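What follows is a single structure, written as structure tokens, with notes after it.
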Amino acid sequence: MLGRFLGLLASATILTSVPTVACAQKADAQRIGNLKSQQTDIENRIADLQRQVDDAYAGKTYCSAEERTEDLTKLRALQAQIAVLRTEYAKFKAGFIKMAATPTAGPQLDAAGIHPDERSYWTADDNALQKLRDSALAKANRVEQAPIHDCTEKKTVPMPASPPLVQTPPVTAPPPAPPKKTPTPAPQQPANRPKTGCTDNQRTDAVLRIQDEILRLEEELIPIDGTTPEGRAHRLQLTAEIDRLGKLLNLDCPPLLPPLKPLNPPPPRQPTPQPGGAQPPASQALQHGLQLRRGPLDALEDDAEDALDDLDDAMDDCDEAAVKALVPRLEQLEAEAVAATIAARSAGHFSLISASEAQAIADDLDEAIAAAKKFKCLRPIRPYRHLPMWLGPTDQRILYIHNLERGAVHARDLKWNFKLEWNATAYAQQLAATHQLVHAPREGRGMESENLLQYNPGWSVDRMMQSWTVEKRDFVPGYFPNVARDGNWMNVAHYTQMIWPTTTDIGCGYAIGGGYGWLVCRYSPGGNKDGKPVGIPYPTPERG
């Protein structure tokens with residue numbers, strides 16, 4: 001009897017599991033359809049934003065700062081939309097990959113030929129989104145650096161025709177015309193004399209040709225892998241050419257560039273020895289832009305040694321920010337060393353420099369870059385545990401970074417003060433209106449001190465705070481104002497106020513104006529007092 005009951009129970013379990021699996025498969029099929037529809041929507045949004053970026057700033061001439069600010073604001077808004085889209089895409093991608101790993105949805109995706117768990121499935125969308133981000137950033141930088149031209153032109157106003165006379169004078173025989181004089185021919189200009197000016201049409205044609213070439217080079221710059229030494233060398237070459245063309249735009253009469261052609265022409269064939277022992281010019285590769293930008297190889301070696309010494313000092317000081325700040329400098333030097341190596345190898349025995357020496361410099365820099373990117377300071381830093389959740393995300397991050405820096409020097413945490421925030425916001429709005437970064441008069445601040453910053457609207461909170469925290473590499477713990485390595489306390493004043501031991505409250509405000517952001521942080525009680533200790537873990541009694 002018991003065996004019969006168990007058999008019936010097993011049969012019921014099998015019968016009930018079949019519709020459960022079928023329901024799960026049906027639900028997964030519906031989710032797959034929704035995800036494919038969402039992916040199509042993301043791809044359409046990428047294409048639409050790319051069209052807007054391509055249409056923005058067609059190389060026009062700015063006659064006022066307001067026009068340039070308007071275009072820059074539009075591009076910054078597009079960058080914000082792109083950032084939101086990148087976040088949505090990352091979440092969508094992670095969800096799709098996770099779904100492909102389930103036992104019910106995986107076979108359905110395989111049957112449909114959809115493989116989101118393979119990297120190649122996302123290559124097209126990844127590249128399109130990366131191109132969109134890079135092209136928007138490149139155009140925003142071009143607009144921000146575009147010059148302002150004087151567009152006022154003196155135009156000749158035609159005189160109005162004189163009204164006809166009411167009375168017609170009597171017709172008389174015209175006097176005999178004087179004999180015509182043969183005009184003296186103007187002296188011929190020498191054929192090789194350079195032009196000293198150009199017409200508006202000629203300048204417009206030249207500017208448009210240069211801008212088209214800059215856009216072409218920027219498009220060529222986007223897909224280059226900057227994580228490899230060869231990629232950084234190529235990016236260095238393209239960036240130098242873009243900078244050179246940008247300077248031509250500021251000329252009164254820019255040269256008319258030839259028709260577009262690849263920046264890197266195919267390498268010429270190796271020259272054959274000429275009869276009589278004569279040799280062709282040394283290193284034709286150096287004539288194609290692969291030569292060192294700052295002179296011979298020994299100059300590059302000196303620069304590399306200086307950069308490596310700075311890196312060792314930063315690591316010894318346990319200064320992570322300074323180490324990370326040195327990475328771009330090291331990468332540029334490595335790119336120059338790789339470019340020198342390529343030039344020397346392509347020139348063969350005609351090279352003016354040693355390929356092996358240049359390669360050794362590049363290898364040393366590559367090892368240093370890898371070490372700098374992995375560097376972590378082992379000094380224990382107290383985490384900030386009590387973060388007020390009623391603050392906005394920007395204020396939370398500002399307070400967190402302040403207290404993180406204070407914890408590193410054993411100073412007590414700051415707390416947020418709404419009165420300080422209100423005062424800081426009011427003064428930030430005043431800076432946004434006047435466009436001048438000056439401190440507020442002390443008469444109206446009482447015990448409050450302040451830190452000021454003018455920043456680009458696209459900066460993150462960490463980038464803004466880094467403008468102040470980077471000063472700690474020049475900071476020496478001691479008694480104010482003798483707290484700077486070079487003796488100038490103004491070079492570390494933002495950082496010392498952030499970690500001032502007797503300050504208890506902070507409040508910050510920000511505003512946008514004149515194409516920039518304006519950040520004001522107020523502190524109470526204020527710091528940077530002469531004769532007072534700062535940065536000393538266990539301060540000794542104050543001097544009398």
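All residue numbers in this chain count up from 1 along the given sequence. Just so we're clear, the structure is a prediction, and the values are computed from it rather than from any experiment.
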Is D505 salt-bridged to K415, cutoff N-O under 4.0 Å? yes
Aromatic ring proximity F480/W489, centre distance under 6.0 Å: yes
Is there a side chain to side chain donor-acceptor pair (under 3.5 Å) between Q52 and D48? Walk through the geometry before answering. CA-CA 6 Å; Q52 296 184 50; D48 180 63; 2.9 Å; yes
Taking the side chain as everything from C-beta on, heavy atoms only, tell me whether V327 gets closer than 4.5 Å to K373. yes
Answer yes or no: does atom OH of Y455 have more than 12 heavy-atom neighbours from other residues, nucleotides or ligands under 6.0 Å? yes
Would Y523 and N451 count as a side chain to side chain donor-acceptor pair (under 3.5 Å) if you check the C-alpha gap in whole Å, the side-chain angles of each, and the deciding distance to 0.1 Å? CA-CA 8 Å; Y523 306 84; N451 277 347; 3.2 Å; yes
Looking at A440, is its backbone amide N or carbonyl O close enough to the side chain of E450 to form a donor-acceptor pair, meaning the two atoms are under 3.5 Å apart? yes
Rounded to the nearest 0.5 Å, what's the gap from CG on L333 to CG on D364? Could you check? 12.0 Å
Rounded to the nearest 0.5 Å, how far apart are CG of D125 and NZ of K93? 8.5 Å
Of all heavy-atom pairs between A411 and I499, which one has the smallest distance, and what is that distance? CB-O, 4.0 Å
Flag for D54-Q50: side-chain donor and acceptor within less than 3.5 Å: yes
Using only atom types and a distance under 3.5 Å, with no angle test, would you say the side chain of N403 pairs donor to acceptor with the backbone of L414? yes
Looking just at side-chain N and O atoms, do E471 and N491 make a donor-acceptor pair shorter than 3.5 Å? no
Minimum side-chain heavy-atom gap V520-L431 below 4.5 Å: yes
4.5 Å side-chain heavy-atom contact, D462 and R397: yes
Is it true that the side chains of W518 and Q454 contain a donor and an acceptor less than 3.5 Å apart? no
Is any NZ, NE, NH1 or NH2 atom of the basic residue among R329 and D303 found under 4.0 Å from an Asp or Glu carboxylate oxygen of the other? no
Which distance, rounded to the nearest 0.5 Å, do you find between the CE of M465 and the CE of M498? 6.0 Å
Between side-chain atoms of residues 524-531 and protein atoms elsewhere (two or more places apart, or another chain), which donor-acceptor pairs fall under 3.5 Å?
| from | atom 1 | to | atom 2 | distance (Å) |
| --- | --- | --- | --- | --- |
| N528 | OD1 | T496 | OG1 | 2.7 |
| N528 | ND2 | A493 | O | 3.3 |

Tell me, with the steps shown, if V143 and R68 meet side-chain contact (heavy atoms from CB on, under 4.5 Å). CA-CA 7 Å; V143 171; R68 184 175 63 181; 3.9 Å; yes
Do E88 and R45 sit within salt-bridge range, that is, some charged N less than 4.0 Å from a carboxylate O? yes
Regarding D134 and K131, does a basic nitrogen lie under 4.0 Å from an acidic carboxylate oxygen? no
Identify the heavy atoms of A368 and L308 that sit nearest to each other, and give their distance. CB-CD2, 3.4 Å
Are L452 and L519 side-chain neighbours, meaning at least one heavy-atom pair lies under 4.5 Å? no
Between the main-chain N or O of A322 and the side-chain N or O of D319, is there a donor-acceptor pair closer than 3.5 Å? yes
In terms of side-chain geometry, is the basic nitrogen of D413 or R406 positioned less than 4.0 Å from the acidic oxygen of its partner? no
Determine, for D71 against K139, whether the closest basic-nitrogen to carboxylate-oxygen distance falls under 4.0 angstrom. no
How far apart are the closest heavy atoms of A428 and A511, and which atoms are they? O-CB, 3.7 Å
Quick note, ring pair (Phe, Tyr, Trp, His ring centres under 6.0 Å) partners involving residues 421-441, not counting sequence neighbours, are none
Minimum heavy-atom distance between I398 and C521, given as atom pair plus value: CG2-SG, 4.3 Å
For N488 and M490, indicate whether the former's side chain and the latter's backbone hold a donor-acceptor pair under 3.5 Å. yes
To the nearest 0.5 Å, tell me how far F375 CZ sits from L326 CG. 11.0 Å
For residues Q79 and R76, is any side-chain donor paired with an opposing acceptor at under 3.5 Å? yes
Using the side-chain contact (heavy atoms from CB on, under 4.5 Å) rule, take L245 and L217 through it: C-alpha gap first, then chi angles, then the decisive distance, then the call. CA-CA 10 Å; L245 293 174; L217 294 179; 3.7 Å; yes
Taking atom CH2 of W468 and atom CD1 of I401, what is their separation to the nearest 0.5 Å? 10.5 Å
Sidechain-backbone polar pair: D366 side chain, A362 backbone, donor-acceptor under 3.5 Å: no
Taking atom CZ of R442 as the centre, does the number of heavy atoms from other residues, nucleotides or ligands within less than 6.0 Å exceed 12? no
Quick one, E213 with I210, criterion side-chain contact (heavy atoms from CB on, under 4.5 Å). Give me CA distance, side-chain angles, the key distance, then yes/no. CA-CA 5 Å; E213 178 68 4; I210 293 173; 5.7 Å; no
Side chains of I506 and H402 in contact at under 4.5 Å (non-hydrogen atoms): yes
Please report the C-alpha distance between Y89 and W122 in whole Å, then the side-chain angles of each, then the deciding distance to 0.1 Å, and finally whether the side-chain contact (heavy atoms from CB on, under 4.5 Å) criterion is met. CA-CA 11 Å; Y89 174 72; W122 305 99; 3.5 Å; yes
Going from CZ on R133 to CG on L49, what distance comes out if it is rounded to the nearest 0.5 angstrom? 14.5 Å
D486 vs D474 side-chain heavy atoms within contact, under 4.5 Å: no
Do you know which two heavy atoms are closest between C508 and D395, and how far apart they sit? O-OD1, 4.4 Å
Residue pair K532 / W500, side-chain heavy-atom distance below 4.5 Å: yes
Any R86 side-chain heavy atom under 4.5 Å of Q81 side chain: no
Could you tell me which non-hydrogen atom of P147 sits nearest to which non-hydrogen atom of N250, and how far apart they are? CG-OD1, 3.3 Å
